[in-house]
2 protein chains.
Amino acid sequence: MSRDGMVPKGERPVRADARRNRARILEAAEAVFAEHGASAATDAVAARAGVAIGTVFRHFPTKPDLLKAVVMNLLDRLIDEADTMVREQGDGAALFEFCALVMSVGATHRTVFERLAETGVQVRVGDALERLRPSVDVLLDRARDGGVVREDLRTDELIPLLAALCQEAIAADWDERFRRRALDLLFDGLRS
Amino acid sequence: MSRDGMVPKGERPVRADARRNRARILEAAEAVFAEHGASAATDAVAARAGVAIGTVFRHFPTKPDLLKAVVMNLLDRLIDEADTMVREQGDGAALFEFCALVMSVGATHRTVFERLAETGVQVRVGDALERLRPSVDVLLDRARDGGVVREDLRTDELIPLLAALCQEAIAADWDERFRRRALDLLFDGLRS
DNA sequence: ATTCGAAATCGAGTCCTACTCATCTTAGTT
DNA sequence: AACTAAGATGAGTAGGACTCGATTTCGAAT
């Protein structure tokens, strides 16, 4: 994830302190929002980052921008984890575990996602999940080859379904047990 | 929807002006939020309703309460419609069709929600669906007796799952074909 | 090393809006 | 007609998002 570290060619490089502060703010924001909810004041984030309020707004002009940046940060890490999972765990069960992981991450940071929706920023979980498509593709292929998933299931069917569960899990605050149960039902079906 | 018109027995009846104002505020709020988005100031709602700001807060203590009342009003109308349709048919293996119907009705009135949802109102289909619990109970029992549904499936598992699909179907604008496909997958499971 | 301009930081202050509450008004009862 | 409590009023309060001119810091060029 070196996007922020990249130096724009032809232009002046981003100053070292600016890059450092940006990272600090993101880190602080994630911690503060996770602890006090996404309605926590921006001052708190600034304080925790050891930075003035104006600096936060220089890097993230609006609060939704800050929230969005935190989420994207989260997703980047999630992609890494998914890739690791793909590399280390070869069997078909990896797909199920991956879905559980996605729901779990969403649940941990549910307030951030909620606030995003409230402020009208359209980052649907489904849209966000699209970034995971390559990983899901690999996992799904492998699961299908392993014969643990129906032949006709496609990635662009699985992703919306997973997104639907995630969205509702976040909105309705499903606990770990029910998230697990929902995935069991989805994979095994409702019929006898 | 005569909930608000009911007079609590044993207690003083709600004053006529209070009931009138409540209705006016709801109507005004629906119009104002639809036009200016959910971030419209509460003053605007009060002004349109021809009422002081304090009166709005007497009836709806917080802004989310007001937003929720508006949306639930909308959802109640839709859900009642679906409920009635199912009761009129009332055949044996209607659970699947019922789910399809709920999704379909939601999709039909999608644009009504979208304006509000876009601007940040959290439309909790799940909350509204809770009112359908009695109907779902009956349908689920019937389906279980008919052996078309797994024995261990409970109503309070089915409702959140259905709500999840509905919510995402509305938000992501699933077409009829994919709504059907999603229900097929949910009922039959992802595994081979 | 020193200079210097641009970039970044700072934070008190502004604006906006959700919400409160002491006071006044009115519906409904006797 | 008098009474009373529910209800209405709206100026005031609180708190948070965002601004902006003053100030500091970086880093490139001499």
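Just so we're clear, the structure is a prediction, and the values are computed from it rather than from any experiment. Just so we're on the same page: letters track the sequence lines, and every chain starts at 1.
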(message) With a sphere of 6.0 Å drawn around CZ of A:R154, does it hold more than 12 non-hydrogen atoms of other residues, nucleotides or ligands?
(response) no

(request) Mind calculating the distance between CG (A:N21) and C1' (D:dT24) to the nearest angstrom? (result) 13 Å

(request) Output yes when at least one side-chain N/O atom of B:T55 is less than 4.0 Å from OP1 or OP2 of D:dT9, else no. (result) yes

(request) Flag the pair B:E176 and B:R181 as a salt bridge only when some basic side-chain nitrogen lies within less than 4.0 angstrom of an acidic carboxylate oxygen. (result) no

(request) Take A:G54 and A:A41, find for each the nucleotide of DNA chain D with the closest heavy atom, and name the residue whose nucleotide sits nearer the 5' end. (result) A:A41

(request) Would you mind reading off the distance between B:I25 atom CD1 and C:dC19 atom P, rounded to a whole angstrom? (result) 14 Å

(request) Would you mind reading off the distance between A:I53 atom CD1 and D:dG15 atom C1', rounded to a whole angstrom? (result) 13 Å

(request) State plainly whether the residues B:D141 and B:R144 are in salt-bridge range, i.e. N to O under 4.0 Å. (result) yes

(request) Calculate the interatomic distance between B:L66 atom CG and C:dA18 atom C1'; express it in whole Å. (result) 12 Å

(request) Could you tell me whether the phosphate oxygens of C:dT9, OP1 or OP2, come under 4.0 Å of any side-chain nitrogen or oxygen in A:H59? (result) yes

(request) Look at A:R24 together with A:E27 and state whether they make a salt bridge at an N to O cut-off of under 4.0 Å. (result) no

(message) Side chain of A:F57, heavy atoms from C-beta onward: which of D:dA6, D:dA8, D:dT19 has the nearest atom to it?
(response) D:dT19

(message) Rounding to an integer number of Å, can you tell me how far B:R15 CZ sits from D:dT4 P?
(response) 16 Å

(request) Name the closest nucleotide to the B:A16 side chain, picking from C:dA27, C:dA18, C:dA12. (result) C:dA27

(message) If I take atom CZ in residue A:R19 and atom P in nucleotide C:dA7, what distance separates them, rounded to the nearest angstrom?
(response) 15 Å

(request) Go through C:dT17, C:dT9, D:dA17 for me and flag the one nearest to the A:R58 side chain. (result) C:dT9

(request) Using the side-chain hydrogen bond (donor to acceptor under 3.5 Å, both in side chains) rule, take A:D137 and A:T155 through it: C-alpha gap first, then chi angles, then the decisive distance, then the call. (result) CA-CA 6 Å; A:D137 266 333; A:T155 303; 2.4 Å; yes

(message) Of the listed nucleotides (C:dA7, D:dA8, C:dG11), which one gets closest to any side-chain atom of B:D17?
(response) D:dA8

(message) Quick check for you: among C:dT9, C:dC19, D:dC18, whose closest atom lies nearest to any side-chain atom of A:A18?
(response) C:dT9

(message) Tell me the interatomic distance from B:R20, atom CZ, to C:dT26, atom P, rounded to whole angstroms.
(response) 12 Å

(message) Checking contacts here: which listed nucleotide (D:dA17, D:dG10, C:dA12) is nearest the side-chain heavy atoms of A:T42?
(response) D:dA17

(message) Distance check needed: C:dT17 P versus B:D43 CG, whole Å only.
(response) 8 Å

